[in-house]
Colleague: 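Before I ask anything, here is the structure I am working with.
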Amino acid sequence: MEGRKKRDWGTIAAVLCVLLLAVNLWQGKRLENLERRISEAQWNLSAEIKGLESSLYAQAQEKDKLVQNWNYTSSTNMEKRCLDLTVSVVLKAWREETTAEALWVGDGNSDGQGSAPLTGDGKGTFTGVLEIPLDRGMLEFALVLVTRDGGDVRRENLGGIYDTAELLPVQCTYQGGRTTAEYMKGIFTAYGRSAELYTKADPGGIETESQVFRLRRNDEIVAEQAAEPEDASNRYSCGKLTSEAQPGDRMALTFFCRDENGLGYEFLLQNWVAVAERDVAYVDAEWEDWLKLTWN
């Protein structure tokens, strides 16, 4: 009997230990969940505070701005070989003696690359024309507004232009993926696809002439082929273009046309390096030199 009692107490003690372990595990899980919820709540609160701070900062910045809205249009100036960039700015507040000036600042340089006075209409709108050169390659620049009101001078950034090419009346996009090319027995061959012209201002009103595809070797034109109009408006295609080449020669397929003002555009479609027999390599690092403009 005594041994049986001892076994019963042993069994009870074991059960109690199991129950205690289960309770500890349950409490630990609850504590873990509680800590996770507290951490999530702290993170959410921190995110909400940062979002509120950012919103308040943005509102303060917007309230401090002088410009209500602005826009620009561009046209080609063949005589000066530049773009005439007409900038129009609407101010939130102005006085009769308020004057305004637009600057273009590019290539990391200081002010003075170009400026133009803006004429007010007496209703808060100021307009003027900036001359952006086109004979210095494609430029990236910012537009800045400077206003003077008595002794108060204010300066405000309007925005940036990533590339002068964005402002030109003719744009080009390449259709059909990468052009197939091969290099065999000293002959380089590019199998063309198509090029499509467009304009941001009036997609249906673009007029061009003298459309040709060109093959260049080390920047020299070595083959040309008249572009064939496709069924789609302003889309052109060509067959293969060939030229002699040596290993290391840089080859490029381009598309050339002239707009209605006589300005010539040459767009880079694809470029390669002739590596060795039956081997060509695509090159993606030469795009900064394009597009090329021809004035006569």
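Values below: every heavy atom of this structure, side chains too, minus hydrogens, waters and symmetry copies.
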Colleague: Among side-chain atoms of Thr189 and Glu182, is any donor-acceptor pair under 3.5 angstrom?
Modeller: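 Distance-only check fails for Thr189 and Glu182.
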
Colleague: If you measure from the Lys or Arg side-chain nitrogens to the Asp or Glu carboxylate oxygens, is any gap between Arg216 and Glu266 under 4.0 Å?
Modeller: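 Yes, Arg216 and Glu266 are salt-bridged.
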
Colleague: Begin from the C-alpha positions of Thr173 and Glu196 and carry the test side chain to side chain donor-acceptor pair (under 3.5 Å) through to its verdict.
Modeller: CA-CA 5 Å; Thr173 181; Glu196 184 173 356; over 6 Å; no

Colleague: Under 4.5 Å between side-chain heavy atoms, hopping through other hydrophobics if needed: is there a path connecting Leu263 to Phe256?
Modeller: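 Shared cluster, no.
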
Colleague: What heavy-atom pair brings Asn261 and Asp259 nearest, and what distance separates the two atoms?
Modeller: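 Of all heavy-atom pairs spanning Asn261 and Asp259, the closest is N-OD1, 2.9 Å.
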
Colleague: Any chance you could measure Leu134, atom CG, to Thr76, atom OG1, to the nearest 0.5 Å?
Modeller: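 With rounding to 0.5 Å, CG (Leu134) is 7.0 Å from OG1 (Thr76).
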
Colleague: For residues Cys257 and Gln211, report the shortest heavy-atom separation together with the two atoms involved.
Modeller: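 What the structure gives for the nearest pair is CB-CG, 4.0 Å.
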
Colleague: Please check if Trp70 and Leu118 belong to a single hydrophobic cluster, counting links between Ile, Leu, Val, Met, Phe, Trp and Tyr side chain heavy atoms closer than 4.5 Å.
Modeller: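 Yes; tracing contacts between hydrophobic side chains, which count when under 4.5 Å, links both residues.
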
Colleague: Take a 6.0 Å sphere around CD of Glu224 and say whether it holds more than 12 heavy atoms from other residues, nucleotides or ligands.
Modeller: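 Atom CD in Glu224 is crowded, with more than 12 foreign heavy atoms closer than 6.0 Å.
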
Colleague: Taking atom CG of Asp163 and atom CG of Leu168, what is their separation to the nearest 0.5 Å?
Modeller: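 These two atoms lie 8.5 Å from each other.
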
Colleague: Any chance the side chains of Gln171 and Tyr265 put a donor and an acceptor closer than 3.5 Å?
Modeller: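 The answer is no; no qualifying pair exists.
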
Colleague: For residues Met78 and Gly262, report the shortest heavy-atom separation together with the two atoms involved.
Modeller: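 Smallest interatomic distance, heavy atoms only, reads CE-C, 4.1 Å.
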
Colleague: Treating Ile, Leu, Val, Met, Phe, Trp and Tyr as nodes and any side-chain heavy-atom pair under 4.5 angstrom as an edge, say whether Leu241 and Val222 lie in one connected cluster.
Modeller: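 Leu241 and Val222: one cluster.
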
Colleague: Could you tell me the separation between the CG atom of Leu66 and the CD atom of Glu156, rounded to the nearest 0.5 Å?
Modeller: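 Spacing of CG (Leu66) from CD (Glu156) equals 6.0 Å.
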
Colleague: In terms of heavy-atom contacts, does CD of Glu97 have more than 12 from other residues, nucleotides or ligands at under 6.0 Å?
Modeller: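 Yes, enclosed.
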
Colleague: Between Lys292 and Asp219, is there a side-chain heavy-atom distance shorter than 4.5 Å?
Modeller: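 Yes, close enough: below the 4.5 Å cut-off.
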
Colleague: Shared ILVMFWY cluster between Leu139 and Tyr72, side chains joined below 4.5 angstrom?
Modeller: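 Same cluster.
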
Colleague: Let's go through Arg217 and Ser243 carefully: what are the C-alpha distance in whole Å and the side-chain angles of both, what is the deciding distance for side chain to side chain donor-acceptor pair (under 3.5 Å) to 0.1 Å, and is it a yes or a no?
Modeller: CA-CA 8 Å; Arg217 182 184 62 224; Ser243 169; 3.0 Å; yes

Colleague: Can you tell me which residue among Tyr236, Phe267, Phe255 is in a ring-ring contact (aromatic ring centres under 6.0 Å, His included) with Phe213?
Modeller: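 Of all the options given, the one that passes is Phe255.
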
Colleague: Decide, yes or no, whether a salt bridge links Lys80 with Glu131 under the criterion of side-chain N to carboxylate O below 4.0 Å.
Modeller: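 Result for this pair is yes, salt bridge flagged.
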
Colleague: Are Leu145 and Val67 packed together at the side-chain level, in the sense that at least one heavy-atom pair is separated by less than 4.5 angstrom?
Modeller: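 Yes, side chains in contact.
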
Colleague: Salt bridge or not for Arg258 and Glu209, using N-O below 4.0 Å?
Modeller: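 Glu209 and Arg258: not salt-bridged.
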
Colleague: Does Arg81 come within less than 4.0 Å of Asp135, counting only side-chain N to carboxylate O?
Modeller: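 Between Asp135 and Arg81 there is no salt bridge, as every charged N stays at least 4.0 Å from the carboxylate O atoms.
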
Colleague: Distance check, rounded to the nearest 0.5 Å: Glu79 atom CD versus Asp84 atom CG?
Modeller: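 One finds 10.0 Å between CD of Glu79 and CG of Asp84.
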
Colleague: In Å and rounded to the nearest 0.5 Å, what is the CG to SG distance from Leu291 to Cys172?
Modeller: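 These two atoms lie 9.5 Å from each other.
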
Colleague: Less than 4.5 Å apart, side chain to side chain, heavy atoms only: is that true for Trp104 and Leu85?
Modeller: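 No, side chains not in contact.
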
Colleague: With a 4.5 Å cut-off on side-chain heavy atoms, are Leu83 and Thr164 touching?
Modeller: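 Sidechains of Leu83 and Thr164: in contact.
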
Colleague: For the residue pair Arg154 and Val146, establish whether any side-chain heavy-atom pair is separated by less than 4.5 Å.
Modeller: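 No, their side chains stay 4.5 Å or more apart.
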
Colleague: Quick one: are Thr119 and Thr127 in side-chain contact, heavy atoms under 4.5 Å?
Modeller: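 Not in contact.
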
Colleague: My understanding is that only one of Leu103, Asn157, Val105, Leu130 makes a side-chain contact (heavy atoms from CB on, under 4.5 Å) with Leu143; could you say which?
Modeller: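 Output: one option passes, namely Leu130.
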
Colleague: List in chain and number order the residues that pass ring pair (Phe, Tyr, Trp, His ring centres under 6.0 Å) with Trp94, two or more places apart in sequence or in another chain; answer none if no residue qualifies.
Modeller: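 If we apply the ring pair (Phe, Tyr, Trp, His ring centres under 6.0 Å) test to Trp94, skipping adjacent residues, there are no hits.
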
Colleague: Quick one: does Thr125's side chain get under 4.5 Å of Ser88's, heavy atoms only?
Modeller: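 The answer is yes; the side chains approach within 4.5 Å.
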
Colleague: Hey, quick one: are Met184 and Met251 part of the same hydrophobic cluster, counting side-chain heavy atoms closer than 4.5 Å, chains of contacts allowed?
Modeller: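 Looking at the clustering, Met251 is in a separate group from Met184.
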
Colleague: Would you say Tyr183 and Asp249 make side-chain contact, with heavy atoms under 4.5 Å?
Modeller: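 A side-chain contact under 4.5 Å is absent here.
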
Colleague: What closest approach, in Å, do Glu230 and Ser237 show between heavy atoms, and which atom pair accounts for it?
Modeller: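 Residues Glu230 and Ser237, closest heavy atoms: OE2-CB, 3.0 Å.
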
Colleague: Which atom names give the shortest non-hydrogen contact between Trp295 and Cys82, and what distance separates them?
Modeller: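 That would be CH2-N, 4.1 Å.
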
Colleague: How long is the span from the CZ atom in Arg155 to the OG1 atom in Thr147, to the nearest 0.5 Å?
Modeller: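 Between atom CZ of Arg155 and atom OG1 of Thr147 there are 11.5 Å.
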
